[in-house]
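The model shown is predicted, which means the values in this text are computed figures rather than measured ones. Each chain gets a letter, A, B and so on, in the order its sequence line appears, and its residues count up from 1.
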There are 2 protein chains.
Amino acid sequence: MAETSTQGGETLLFLTDEQLRKGIEAMFFAYRGFTADPDRILDQHGYGRAHHRAIHFINRQPGLTVTTLLAVLGVTKQSLNRVLRTLIEDGLVENRVGRRDKRERHLYLTPTGEALERELSGAQRERMRSAYRAAGPQAVAGFRQVLEAMIDPDMRRHYQMMKDGS
Amino acid sequence: MAETSTQGGETLLFLTDEQLRKGIEAMFFAYRGFTADPDRILDQHGYGRAHHRAIHFINRQPGLTVTTLLAVLGVTKQSLNRVLRTLIEDGLVENRVGRRDKRERHLYLTPTGEALERELSGAQRERMRSAYRAAGPQAVAGFRQVLEAMIDPDMRRHYQMMKDGS
DNA sequence: CTTGGAAAGTCAACAAGGCTGACATAAAAT
DNA sequence: ATTTTATGTCAGCCTTGTTGACTTTCCAAG
């Protein structure tokens, strides 16, 4: 793939534009695969990818506030609210007033919401698991390292927050 | 990351749901980073991500037909046409009637189109390059392996086609 | 205690980019 | 001569993003 050489103990990478381009295309096609299974499931339930994202992060960090979710998702509150409203109306998400700060609303999945979350993440994990298996353990480590290095600095704190569990 | 053990010469992966979940989130945040730079540039030119995808693949395989591009992008012709029309009107893409089969239209970037393509892919390659550098040469190989394993089987032929240059 | 600002929510309007369905034309294939 | 393929177009719909304006509730600092 990328030829390497050592110079003064440091490993150098020779990356041609062509190699980088292949990485870009792999990213494009892989992301499509990554979202394909959830998209099918969501469609059956009458939801879209935006609902999935909300459900995912509420499940990941139960009780997070609307503002936090807004920052993680990187959308406007009007956009999020449209999605969140339907999820609350449909009884998938619950909205509890904050104990300390009563302005805040803390978001939780209901049992119904958790069921959908399991269905969605189950499919996604299955694809991820089989990709990991096909690529092997060494590849898995590299995969995460490169992805993490691609995350925007502004977003990295949100990623870390989720990663470490609040 | 993922603990490994050897059993009969085969390496096994122990992947917890938690580890898979982290991979899923890394994918989510990384894709955002991946599209961030081009999105900014496109916005300045009054285009969107859909234009970028068309430009990318026309550049990758000059002279490809509309039907091929349709299959690669996985959208409807109505959707692609909206995008393609503006690119042709703005003089970024050229539409030549097929020599052998006169029903076909072969797509090419004009010099203006190529200039925008370079601007877009330059930014994207730069991010990819710095992620590669941060992660190291071993990681790079693994990254591509996992991504390729995640691609949908139906899409893999398109990926290969682009990868090998037609 | 008042007042300023933060958290949440809502309405309206708009745009990009998906989708379906219907239809038209030119050219190739049968 | 007829059917099929490749392309393009019109119309209309949906989701999900955006701005801007405005309200209510509540915390916190003066």
Side-chain angles (χ1 to χ4, degrees), chain A residues 28 31-32 35-36 38-58 63-90 93-108, chain B residues 28 31-32 35-36 38-58 63-90 93-108:
Chain A
F28 170 73
Y31 197 77
R32 287 251 295 262
T35 54
D39 282 352
R40 268 189 293 276
I41 295 166
L42 288 159
D43 200 58
Q44 292 165 9
H45 292 258
Y47 295 121
R49 217 175 273 183
H51 300 86
H52 185 189
R53 292 196 282 262
I55 288 171
H56 174 95
F57 287 111
I58 295 172
L64 89 178
T65 65
V66 173
T67 307
T68 306
L69 184 52
L70 237 32
V72 171
L73 295 176
V75 297
T76 59
K77 72 177 166 187
Q78 293 92 329
S79 197
L80 173 59
N81 222 263
R82 197 160 31 196
V83 163
L84 221 41
R85 194 167 4 176
T86 73
L87 290 175
I88 291 170
E89 279 169 3
D90 297 354
V93 168
E94 203 189 335
N95 205 341
R96 298 189 206 149
V97 174
R99 278 203 300 103
R100 280 215 318 267
D101 188 333
K102 290 182 197 157
R103 291 171 304 178
E104 294 179 343
R105 299 298 141 93
H106 299 270
L107 302 169
Y108 298 88
Chain B
F28 170 73
Y31 197 76
R32 287 250 296 261
T35 55
D39 282 353
R40 268 189 294 275
I41 295 167
L42 289 158
D43 199 59
Q44 293 165 8
H45 292 257
Y47 296 121
R49 218 174 273 182
H51 300 86
H52 184 188
R53 293 196 281 261
I55 288 172
H56 174 95
F57 287 111
I58 294 171
L64 89 178
T65 65
V66 174
T67 308
T68 306
L69 185 53
L70 236 32
V72 171
L73 295 176
V75 298
T76 60
K77 74 177 164 182
Q78 293 92 329
S79 199
L80 174 60
N81 222 263
R82 195 161 32 194
V83 162
L84 221 41
R85 191 166 5 173
T86 73
L87 290 175
I88 291 169
E89 278 170 3
D90 296 355
V93 168
E94 204 189 334
N95 206 342
R96 298 189 206 148
V97 173
R99 277 205 298 105
R100 282 215 317 266
D101 189 333
K102 290 182 199 158
R103 291 172 304 179
E104 294 180 343
R105 299 300 142 93
H106 299 269
L107 302 169
Y108 299 88

Engineer: Which whole-number value in Å describes the distance from A:R99 CZ to D:dC27 P?
Structural biologist: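 Between P of D:dC27 and CZ of A:R99: 13 Å.
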Engineer: Using a cut-off of strictly less than 4.0 Å, decide whether B:H51 has a side-chain nitrogen or oxygen near OP1 or OP2 of C:dA16.
Structural biologist: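 For B:H51, the contact criterion (side-chain N or O under 4.0 Å from OP1 or OP2 of C:dA16) is not met.
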Engineer: What is the distance from CG of B:N81 to P of D:dG8, rounded to the nearest Å?
Structural biologist: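 After rounding, the gap between these two atoms is 5 Å.
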Engineer: Can you measure A:K77 atom NZ to D:dT24 atom C1' for me and round it to whole angstrom units?
Structural biologist: 11 Å
Engineer: Rounded to whole angstroms, how far apart are CG on A:D43 and P on D:dC13?
Structural biologist: 19 Å
Engineer: Over how many whole Å does the gap from B:D39 atom CG to C:dA16 atom P extend?
Structural biologist: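 Rounding to the nearest Å, CG of B:D39 and P of C:dA16 are 14 Å apart.
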Engineer: Would you verify whether the NZ or CZ of A:R96 falls within 45 degrees of the ring axis of A:Y108 while also being under 6.0 Å from that six-membered ring's centre?
Structural biologist: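 Flagged: A:R96 positioned over aromatic ring of A:Y108.
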Engineer: Regarding B:T65 and B:T68, is there a side-chain donor-to-acceptor distance under 3.5 Å anywhere?
Structural biologist: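 A pair is found: one side chain offers a donor N or O, the other an acceptor, under 3.5 Å apart.
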Engineer: Which of the following nucleotides, C:dG9, D:dG8, D:dC26, is nearest to the side chain of A:V66?
Structural biologist: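 The answer is C:dG9, which lies nearest to the side chain.
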Engineer: Taking the side chain of A:R103 as heavy atoms from C-beta outward, which of D:dT25, D:dA6, C:dC19 is closest to it?
Structural biologist: D:dT25
Engineer: Do A:R82 and D:dG17 have a side chain to base donor-acceptor pair shorter than 3.5 Å?
Structural biologist: yes
Engineer: To the nearest Å, how far apart are A:R96 CZ and C:dA7 C1'?
Structural biologist: 19 Å
Engineer: Of all the choices, C:dG9, C:dG17, D:dT16, which nucleotide is nearest to the side chain of B:S79 once you look at every atom?
Structural biologist: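 The closest nucleotide is C:dG17.
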Engineer: In this structure, how many angstroms lie between the C1' atom of C:dA15 and the CG atom of B:L42, rounded?
Structural biologist: 15 Å
Engineer: Look only at the side chain of B:T86 and the backbone of B:V83, and say whether a donor-acceptor pair between them is shorter than 3.5 Å.
Structural biologist: yes
Engineer: Just N and O in the side chain of B:N95: are any of them under 4.0 Å from OP1 or OP2 of D:dG8?
Structural biologist: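 Yes, because at least one side-chain N or O of B:N95 sits under 4.0 Å from OP1 or OP2 of D:dG8.
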Engineer: Please tell me if A:T76 has a side-chain N or O lying less than 4.0 Å from either OP1 or OP2 of D:dT18.
Structural biologist: yes
Engineer: Quick check: does any side chain N or O of A:T35 sit under 3.5 Å from a backbone N or O of A:R32, one acting as donor and the other as acceptor?
Structural biologist: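 Yes, the answer is positive, given that a donor and an acceptor are paired below the 3.5 Å cut-off.
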Engineer: In terms of ring plane angle, is the pair A:Y47 and A:H51 parallel, tilted or perpendicular, where the classes change at 30° and 60°?
Structural biologist: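 Taking A:H51 first and then A:Y47, their aromatic rings sit tilted (interplane angle of 30° to 60°).
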Engineer: Of A:V97 and A:L80, whose closest DNA chain D nucleotide lies nearer the 5' terminus?
Structural biologist: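 Result: A:L80.
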Engineer: On DNA chain D, check which nucleotide each of A:R53 and A:Q78 is closest to and give me the residue with the more 5' one.
Structural biologist: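 Looking at DNA chain D, the more 5' nearest nucleotide goes with A:R53.
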Engineer: In whole angstrom, what separates B:E104's CD from D:dG8's C1'?
Structural biologist: 15 Å
Engineer: So, is B:R85 near the phosphate of D:dC10, with a side-chain N or O under 4.0 Å from OP1 or OP2?
Structural biologist: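 For D:dC10, OP1 or OP2 has a side-chain N or O of B:R85 closer than 4.0 Å.
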